[in-house]
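The structure appears right after this line, and notes come after that.
Both backbone and side-chain heavy atoms feed into the values below; hydrogens, waters and symmetry mates do not. Order of listing sets the numbers, starting from 1, for every ligand and every atom in it. If you're wondering where the values come from, they're calculated on a predicted model, not measured in any experiment.
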Amino acid sequence: MNEKLHSSTTNIDEKRQGEVFSSAKSGAGNGKRKYYLETYGCQMNFSDSEIVASILNKEGYESVSDYKEAEMIFVNTCAIRENAEQTVRNRLNELRSIKKKKPNAIIGLLGCMAERLKHKLLEEEKLIDIVIGPDAYRELPNLITQVDGGQAAINVLLSREETYADISPVRLDTNGVTAFISIMRGCDNMCSFCVVPFTRGRERSRDMHSIIKEARELFNNGYREVTLLGQNVDSYKWKDKKTGQLVTFTYLLEQVAKVSPLLRIRFSTSHPKDMVDEVLHTIAKYDNICNYIHLPVQSGSSVILKRMNRTYDRNWYKERIESIKRIIPGCGISTDTISGFCGETQEDHNETLSMMNWVEYDMAYMFKYSERPGTLAQKKYKDDIPEAVKSERLNEIISLQLEHSYKRNQMDINKVHRVLVEGVSKRSENELYGRNDQNKVVIFPREKYSSGDYVNIMVNRCTSATLFGKVVA
Ligand code: 5AD
Ligand code: SF4
């Protein structure tokens, strides 16, 4: 079963929650020590890899795009579901051949799986030299030195302060148009199914000024869209020590929007318990804050939501959706669902389907429940839904979502959409792709346009994943 199941199958959406983001690219041949960095998992991991690359480059190491050329291979890992970890284990098996050919090569495991398994990884995977958690990346050069001295090295200390605010990320695999900005780290929510609070530690927000500076620099370098990233962006809270001002997410959003009307702003992820109307009004007020909200529901059943410790119920969630639709008419809405959580009955599952029918999401990331060691659910509840039932329910959810995505996309036909061009379409050299305000991928004839341009597209057909159209003046 695919690790990431969602209704949309474009290359771009895969990039959002995808498997491998791949490595930093650059030239070679100047005698610098070469590294290859690959990334699995979420946008946050991708953003972290940009920080890691920055730390390594500053130290004088050089990234290469072919791992076979590298003397150091770093794998930034994800632990959110069991199959995410399995993907990494399989990759490690492939890397064994490198170690055989080059016994001095350094293999480092970064990120959430490193944090979760700590020393166990060094014991289980004999080929690993470095294990380093998400809050310890500044220590990576020291760990490399330690390995050079003949010792395996580990640092999985979590921090209450680290936000890497002062580090200017190196943009990896970039299209030169869209970029991520990490605005906070960690999570305090303790959803019972989730390993993130254990692997990424306590929630902390990054200095607002450093975020705005990063957005401004990106804009000056030609970028036209930034996505503000956090596990729960609505609870962004930062105190300006100079002025004493307590900055909220709404205020931050507004300040980033003011960088330039030509810079589009997106953000992810919102939590239904914290998403306030104030944020929605700010989105409505600024044209350059995209009308798109990712609001994970996880389940449509209040009983399951309680067991998941999501701290909202079905009615609360519906009320939030009503607010979005009222304050931002035409807003794109997407979600995450989990099928087969502990004790989920057929009625609970039906409630998820009925929630989907009520909201009619534009897009969804849909998962089967995967028990994670150490989580509240693993300690408290039995993972008692048979695999076949989980799959059956998931498939039902996917089919329904495909219908909704198609229906929602059809509603975009014969309308003009403002699209930010991101690059040449994978399907054809003569076509470009970009996204509309609602985060939908739009494909259209290339003509004279290029990446970073805003173009108005009249949409004339669609699939459940993509809109197609022509440029209008
Ligand atoms: N099993 C399945 N899905 C999970 N998610 C988080 N933890 C698990 C788990 N143990 C999903 C949630 C979350 C998304 C990022 O991953 O839907 O919103
Ligand atoms: Fe995990 Fe819940 Fe935090 Fe998201 S909000 S990272 S699902 S604990």
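Looking at R372 next to ligand 1, no N or O pair under 3.5 Å apart turns up. Between F193 and ligand 1, a contact under 3.5 Å exists for at least one N or O pair. Of the N or O atoms in Y369, none lie within a sub-3.5 Å distance of an N or O in ligand 1. Distances between N or O atoms of E371 and those of ligand 1 include no value under 3.5 Å. For a threshold of 3.5 Å applied to N or O pairs, the pair formed by S370 and ligand 1 contains at least one separation below that value.
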Inset, instruction - Apply ring pair (Phe, Tyr, Trp, His ring centres under 6.0 Å) to the pair F193 and Y369, showing each step before the final yes or no. - result: CA-CA 8 Å; F193 52 79; Y369 174 56; 7.3 Å; no

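Ion pairing between a basic and an acidic side chain is recognised when a charged N comes within 4.0 Å of a carboxylate O; D188 and R204 show no such pairing. Salt bridge K390/D383: present, at least one basic N to carboxylate O contact under 4.0 Å. Salt bridge R138/E162: present, at least one basic N to carboxylate O contact under 4.0 Å.
You'll find the side chain of L158 stays beyond 4.5 Å of the side chain of R202, heavy atoms only.
Figure legend: R91 and Y40 shown without cation-pi pairing, the cationic atom not lying both under 6.0 angstrom from the six-membered ring centre and within 45 degrees of its axis. A cation-pi arrangement is not found for K273 relative to W316, the charged atom failing to lie both closer than 6.0 Å to the ring centre and inside a 45° cone about the ring normal.
Checked by atom type and distance alone, the side chain of T282 pairs as donor or acceptor with a backbone atom of E278 at under 3.5 Å.
Between H294 and Y365, the distance separating the two ring centers is shorter than 6.0 angstrom.
Using a 4.0 Å cut-off to heavy atoms of I338, the atoms of ligand 1 that qualify are 3 (N), 4 (C), 5 (N), 12 (C), 17 (O). Residue F367 has at least one heavy-atom neighbour below 4.0 Å for each of these atoms of ligand 1: 3 (N), 11 (C), 14 (C), 16 (O), 17 (O). In summary, the atoms of ligand 1 found under 4.0 Å from a heavy atom of R81, numbered by their order in the structure, are 1 (N), 2 (C), 3 (N), 4 (C), 5 (N), 11 (C), 16 (O). Shown in contact with Q298 at under 4.0 Å from a heavy atom are these atoms of ligand 1, numbered in order with element: 12 (C), 13 (C), 17 (O), 18 (O).
For atom 2 (Fe) of ligand 2, protein N, O or S atoms closer than 2.8 Å were enumerated as C191 SG, with waters left out.
Relative ring orientation between Y35 and F74 is described as tilted, the plane-to-plane angle lying within the 30° to 60° band.
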